[in-house]
Amino acid sequence: MSHMKQIEEKWQKKWETARVFEADPDPKRKKMLVTFPYPYMNGPLHVGHTFTATRVDVYARFKRMQGYNVLWPWAWHWTGQPLLGASERVAKGDETYIRVLREVDGVPEEELEKFVDPLYMAQYYTNEGRKIAKRIGFSVDWRREFTTVMPTYQRFITWQYLNLHEKGYVTQGTHPVVWCPKDKSPTGDHDRQVGEGVTPEEYTLIKYKLDEETFLPAATFRPETIFGVTNMWINPDAEYVEAVVNGEKWIVSQEAAEKLKEQEHTVEVKRAFKGRELIGKNFTNPVTGNQFPILPGWFVDPKTATGVVYSVPAHAPYDWLALKDLQEKPDILGEFGVDAAMVKAIKPISLITVDGYGEFPALEIVKEMGIRDQNDPRADEATKALYKKEFHGGVLKENCGVYSGKTVRQAKDVLIADFKRQGYVDGMYDLPESVVCRCMTPCIVKVLSDQWFLNYSNAEWKAKAKEVVAQMQIYPETARQYFLTVIDWLKEWACARTTGFGTPLPWGKGWIVETLSDSTIYMAFYTINKHIREYGIEPEALTREVFDYVFYGKGETTTVCQASDIPADILEAMRNEFLYWYPFDLRVSAKELVPNHLSFCIFHHAALFSPEHWPRAIGVNGMLMIEGKQMHKSKGNFVTMKNAVDKYGADATRCALLLGAEGMDDPDWRGDNAADIRGKLEALRKLALDIIDKTKSKETGHMENWLLSKMQQRVGEVTRNLEELKTRSSLETALFEVWNDFRWYTRRKGETEAEAVQEALEVWLRLLAPFAPHLCEELWSAAGKESFISLAEWPKIDEGKLDVLAEEREILLTDLIEDTLNVLRATKISPKRVCYYTASGWKWNVYRSILEKAVQGEVKLNEVMKELAKDNSLRQNMKAVASFVPKVLKTLSKLPNERRVRLANLEIADEKEFIESALGFLEERLNAKVAVYGEDDQSRFDPKKRAPLAIPGQPAIYIE
RNA sequence: GCAGAGGUCGCCGAGCCAGGUCAAAGGCGUAGGCUUCAGGAGCCUAUCUCGUAGGAGUUCGUGGGUUCGAAUCCCACCCUCUGCACCA
């Protein structure tokens, strides 16, 4: 274990000294820029980062060995709010949080106290992150590192946003957010005490008229039901206000008046009163002009929307229940002076036809579910169920004016737009559930005005983004559809906010570019940050003209130099460096970033770069699980990269992670697995050293040919899989399948002294090098190699070493053993003697002719028989032929065509000699005396006359 | 709710796109054996059921369908994971 650690440190030092991962432009070599989304630095790197980044590293190392000039840069994300929040919690002395930092993140006491400075905290995690990224062996060019709060980076973001703005991709508008009135800031999920995941919902307010100048804005999600209104509900005990809202006189609940103030409505409250004051009055439907009464409804919650609700008893369970209550208990009405007979006379008005229900769905569902009254909690359930049903399957009836005959789904948006135009409706946001801020203040919805958006709704932009996707490789291919649908439904994205770290919006005072919006094209910044750091280029020198020159080739070198003070040769070098490396060839992340970061990256490249600089490939993978569960600091199952590397070592951690999953499946980190892999690698080391230490024999017989042939296949499999970023499959082959090949060779030969074994080992080590680079460097060097395996040539398939005959012979042998064991299992014999009988010559002839036909296509039994009957040499044998041919057909039908072709092209006539050569092995394996005879051998031992059962490739068996 | 990905023999996971080569790779676990001073590790064998001759039967979320033939194609249903916005 500590031995492995030594090996790891040793090679990391050597790599660093030799600068093997520092990549500079080299026009003679093909380039490869691979990237990993920079991690956010409010905590340590964890095994989830490690999984994704290891996939990048494996690909980088693979491509480097294939001769590509590979650049893998790294940076750190500091932009945003959480760092500030985290540091505040430390400053406030939040014990639970501090314990997490201490115990989970492993922060030492003396550092912890300095975390009151958020930048110090970020720097601490960045330093720790860099250390551990090196310790796990990532092949990063660290010269290009940066953080997102560096002034030079901010100059780059400034350039990006000036361009986006100029090109019309940034727009201004309003946007609803969950808002804490005390903090006066948006309350994100992480800032909430209650109500995680709750988002604002938009209500339509239908402005029913109370009198000529007063409106009752009733809130609804179903404005189409206006055609079925029968009355209004007001909570008689709730507090309402009369207010001038946007110049009109409105009546809403007191709470609603406060909310509306935050939603771009001017609100001037004139007077407050109890709801009961309204009961018994009439109101007018603005669309139809019909009049209806206002009735008492205690289910009406003044805290929800306007606290004014209109009643559609035919389709809304609550409305029906409330109406039924009043009709059944008319004495309640006396208190309000409402005529009970009038209420009794109210009939539901049906306006939607829907399958499975009759005239009045609300009545039916209430009855069906046995709901008693408006206080029954299941009324809510019934409402949702019916809404869903009617929204998806409902059709508006003839009493719905111009909307008649349309489905609810079709009519809804049109109807809202129409009503808006005609001035019947307004809108309002509210929260479906209560949300409480960390500061314990209940949140409301605020509509932010003057908010800046990236206008992802822009159809042209969407089309261009899809072009980017079309020319990209996506691993796995199944993720392509995901990207396309995300591009379709992405809408305006608020790209600026007022708090947190980040780059100021170049034109908007007080706004900062939001964290997901400042990380979309920064891969281009890596190409020039090398020069910025090396020559100490000042942020002020990074003018818009400089970036235009470097990224777009705009402007004259001399002019740009004079204006910026950057020497011409450096400026040229930056331009060349960008042109050499860009675009990036691969970016890998977990699937959670598809709907945001990765898609933004695509959009911004579409907007800012020409097609030759569009991304070449994106890889997506699953989310890492810990022992089958989601990883959470709070759940106590958080595993950092450092934890894993300390405990299992770099190579084992890398391999254990990659063996977890590929594609979009979620990999699972299990400590036991990692420990097991660690043991495996240790065993591999012993095996390899053992092979290397052996004195070499020149032997190049059947088994040597077999092993080398097998290796060629493995090279093909691993290479093919790695090209598609199938890291799991490729490692599985490179580690386990190859190992099994070596085991089989060792069993068959009993030793590993041939030179060919060392040759195969050297192929093996190179196949494994991207996955377990430290161990492979060590063994490569032990094998006498002077140079790094990290820079060794990736194995290519050597056609000359393919030996199909050798492979087929070993298949014959394993099949034979398998058949023998099967017989032994069935008969429960402990064998003393095993006899094999190989097929006679005429069988081989018949077999070959059938095989040739089988390769062409389907073989008909009767046709074969007819043809064989013409053959004079078979005449006397026709009886045996007749029983033999069907067996051959059956055997061949079980083979894949690939193997039929192989067999057809082979000359395996010496079965008997081959089995004889393996007699020793068979005897040991079966623990019995083994003999081989030809089927026609007169002197054969065959008491049960089994020899005639022999088929080519499947000798007959006799056991006693 | 909408969208994306999935449900395979104790566990993890291939196979499914291009139907027959599938009782279904590989790893782990478990059992037995060998090796070893011991510990570990390594190696070998077995691991759906049945079977006195290399065979048969029942399986791939559930229920249907297409086909000579389905883990693989089609339909419906159930379940799991991920994302849904100002938050990285």
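A note on names: the letters A, B, ... follow the listed sequences, proteins ahead of strands, and every chain is numbered from 1.
The residue among A:Asp665 and A:Leu516 whose nearest nucleotide of RNA chain B lies closer to the 5′ end is A:Asp665. A residue-by-residue look at A:Glu592 and A:Gln481 shows that A:Gln481 has its nearest nucleotide of RNA chain B further toward the 5' end.
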Sequence-aligned protein contact record of nucleotides 34-51 of chain B, with B where the base is within under 4.0 Å of a protein heavy atom and S where only the sugar-phosphate is: ---------SSS-----B
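Out of B:A88, B:G6, B:G27, the shortest distance to the side chain of A:Thr478 is found at B:G6. Listed candidates were B:G54, B:A25, B:A88. Nearest to the side chain of A:Gln954 is B:G54. Nearest to the side chain of A:Ile959, among B:A25, B:A53, B:C12, sits B:A53.
Taking a pair to require two hydrogen-bonding distances under 3.5 Å in either a Watson-Crick or a G-U wobble arrangement, B:C68 pairs with B:G20. Across all strands shown, B:G1 pairs with B:C84; the Watson-Crick or G-U wobble distances both stay below 3.5 Å. Using the Watson-Crick or G-U wobble rule with both distances under 3.5 Å, B:A76 pairs with B:U62. Using the Watson-Crick or G-U wobble rule with both distances under 3.5 Å, B:C9 pairs with nothing in any strand shown. Using N1 to N3 plus N6-O4 or O6-N4 for Watson-Crick, or N1-O2 and O6-N3 for G-U wobble, each under 3.5 Å, B:G55 pairs with B:C50.
Aromatic rings from A:Phe221 and A:Tyr203 are positioned such that their centres are separated by under 6.0 Å. Proximity of the aromatic rings of A:Trp764 and A:Phe736 is defined here by a centroid distance below 6.0 angstrom, and this criterion is not met. With ring centers used as reference points, A:His632 lies 6.0 Å or more from A:Phe638. Separation of the A:Trp669 and A:Tyr648 ring centroids falls under the 6.0 Å cut-off.
Distances shorter than 4.0 Å separate none of the side-chain N or O atoms of A:Thr827 from OP1 or OP2 on B:A53. The side chain of A:Asn740 places an N or O atom within less than 4.0 Å of a non-bridging phosphate oxygen (OP1 or OP2) of B:G27.
Taking atom P in both B:G39 and B:G32, one finds a spacing of 15 Å when rounded to whole Å. The same atom, P, is picked in B:A5 and in B:C73; the two are 14 Å apart, to the nearest Å. B:C11 and B:G64 have their C1' atoms separated by 32 Å, with the value rounded to a whole Å. Taking the C1' atom of each, B:G42 and B:G6 are spaced 38 Å apart, rounded to whole Å.
Contact of the A:Thr187 side chain with the A:Val177 side chain is not registered, since no non-hydrogen atoms from C-beta on lie closer than 4.5 Å.
Judged by a 6.0 Å distance limit and a 45° cone about the ring axis, A:Arg833 is positioned over the six-membered ring of A:Phe941.
The closest side-chain donor-acceptor pair between A:Glu492 and A:Thr171, if any, does not fall under 3.5 angstrom.
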